[in-house]
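In what follows, a single structure is set out as structure tokens and then discussed.
Sequence lines set the chain letters: A, B, ... in the order given, protein chains first and strands last, and positions in each chain run from 1.
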Protein chains: 2
Amino acid sequence: MELHVLFHSVHQLSRQIMKCNNTVLQEYGLYSAQWSVLYVLKQRGRLTQKELSEYLAVEAPPMTRTIQRLVKQGYVRQVPGQDKRVKFIELTELAEREYPVWEQAVLEMNEKTIRGFSKEHQQQLQKLMTEWLSAMERHQGEEEKK
Amino acid sequence: MELHVLFHSVHQLSRQIMKCNNTVLQEYGLYSAQWSVLYVLKQRGRLTQKELSEYLAVEAPPMTRTIQRLVKQGYVRQVPGQDKRVKFIELTELAEREYPVWEQAVLEMNEKTIRGFSKEHQQQLQKLMTEWLSAMERHQGEEEKK
DNA sequence: CTCCTTTAGTTACCTAGGTAACTATTTTTC
DNA sequence: GAAAAATAGTTACCTAGGTAACTAAAGGAG
């Protein structure tokens, strides 16, 4: 089993997916990282930046940048919390209004991205990746204990 | 089936793998993109930049940058071809000498990265990803025909 | 032979994500 | 209660990869 090949396939798949997403999102002046934030906020409602970056498994600095750009575009608001360190992030009315259009476009693109790859195989793939990811996490946890 | 989740898993896996690779490579002043070039050159021998970027499925500009850095570090040489547009890339003696050490370190890290994820599942995963990638490629080909 | 098109590589500029070092607020500890 | 440690977020700087626009060399069509 050539691990190089396996790693390369994962990497390439990741880039292809992001590329597809970006081509559809650019029509609306958005990029994939921004979309993922908007998507999470729509599902979960108002979250702190910490919660957002944990949920999306991204470090704090990139999250700060993505949010700042969304603020500049008027799609997101930073609300200071009682604890003056935290900032709650929420969608603006503008974003709520535009969201359905974005979602529609993204869903269509997702359809294209996955076309020719059966539902059954999608599920198998999902299961395998989840398993691998949790194995890695388990591992990192053990490393940190030392 | 939530495609968002599937895409997110691929993306996260890709980042985790690169992170692992970088932590081991940084001891030798290398980064994952550079390593992948060195690896291909070791396997295939002298290649043009075009061939390299096609093989690694990366656009020409990032490849130019990665190679320029490797040249600066003295690990790679650009040899002009008969066709004066092309540049052949080959490992230097220095790189050939260091290669086994790098390889050893990378192999150990790969071991760690995959630990807890069975050989059988690795194969299943590889098969599924290859299938998906080729479905995407098939698609893109059709799009371009239009 | 000349002009047009294609091709290999580079440059400039963009997003995505990472680490290290920092500020400003809690929380903990003594 | 004051000093120390932890936490949320930001800033600066790095790699990885993408597109668009460019240069220079090769090929083709007339």
task: Report the C-alpha distance between A/Arg46 and A/Glu51 in whole Å, list the side-chain angles of each, state the deciding distance to 0.1 Å, and finish with yes or no for salt bridge (Lys or Arg N to Asp or Glu O under 4.0 Å).
output: CA-CA 10 Å; A/Arg46 173 206 256 210; A/Glu51 289 167 330; over 6 Å; no
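- Within residues 50-82 of chain A, the residues approached by DNA chain C to less than 4.0 Å at the level of any non-hydrogen atom are A/Val58, A/Glu59, A/Pro61, A/Pro62, A/Arg65, A/Arg69, in residue-number order.
- The NZ atom of B/Lys87 sits 11 Å away from the C1' atom of D/dT23 (whole-angstrom rounding).
- Within 6.0 Å of CD in A/Gln43 there are more than 12 heavy atoms belonging to other residues, nucleotides or ligands.
- Residues A/Lys19 and B/Arg85 both approach DNA chain D. Their nearest nucleotides, taken by heavy-atom distance, put A/Lys19 toward the 5′ side.
- A heavy atom lying under 4.0 Å from DNA chain C marks none of the residues of residues 25-39 of chain B.
- On the nucleic acid side, DNA chain C has its first and last nucleotide under 4.0 Å of a heavy atom of chain A at C/dT15 to C/dT26, going 5' to 3'.
- DNA chain C is contacted by both B/Phe88 and A/Asn22; B/Phe88 maps to the nucleotide lying nearer its 5′ end (nearest heavy atom per residue).
- Within a heavy-atom distance below 4.0 Å of DNA chain C, no residue of residues 3-17 of chain A is found.
- Among residue pairs with one or both ends in residues 63-73 of chain A, none qualify as salt bridge (Lys or Arg N to Asp or Glu O under 4.0 Å); sequence neighbours excluded.
- The side-chain heavy atoms of A/Leu3 and B/Thr113, taken from C-beta on, include no pair separated by under 4.5 Å.
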Would you mind writing out the side-chain donor-acceptor pairs for residues 26-35 of chain A within the sub-3.5 Å range, not counting sequence neighbours?
from    : atom 1 : to      : atom 2 : distance (Å)
A/Gln34 : OE1    : A/Tyr31 : N      : 2.9
A/Gln34 : NE2    : A/Gln73 : OE1    : 2.5

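- Under the side chain to side chain contact (heavy atoms under 4.5 Å, CB included) rule, A/Ser36 has a single partner from A/Val58, A/Leu56, A/Thr66, A/Asn21, which is A/Leu56.
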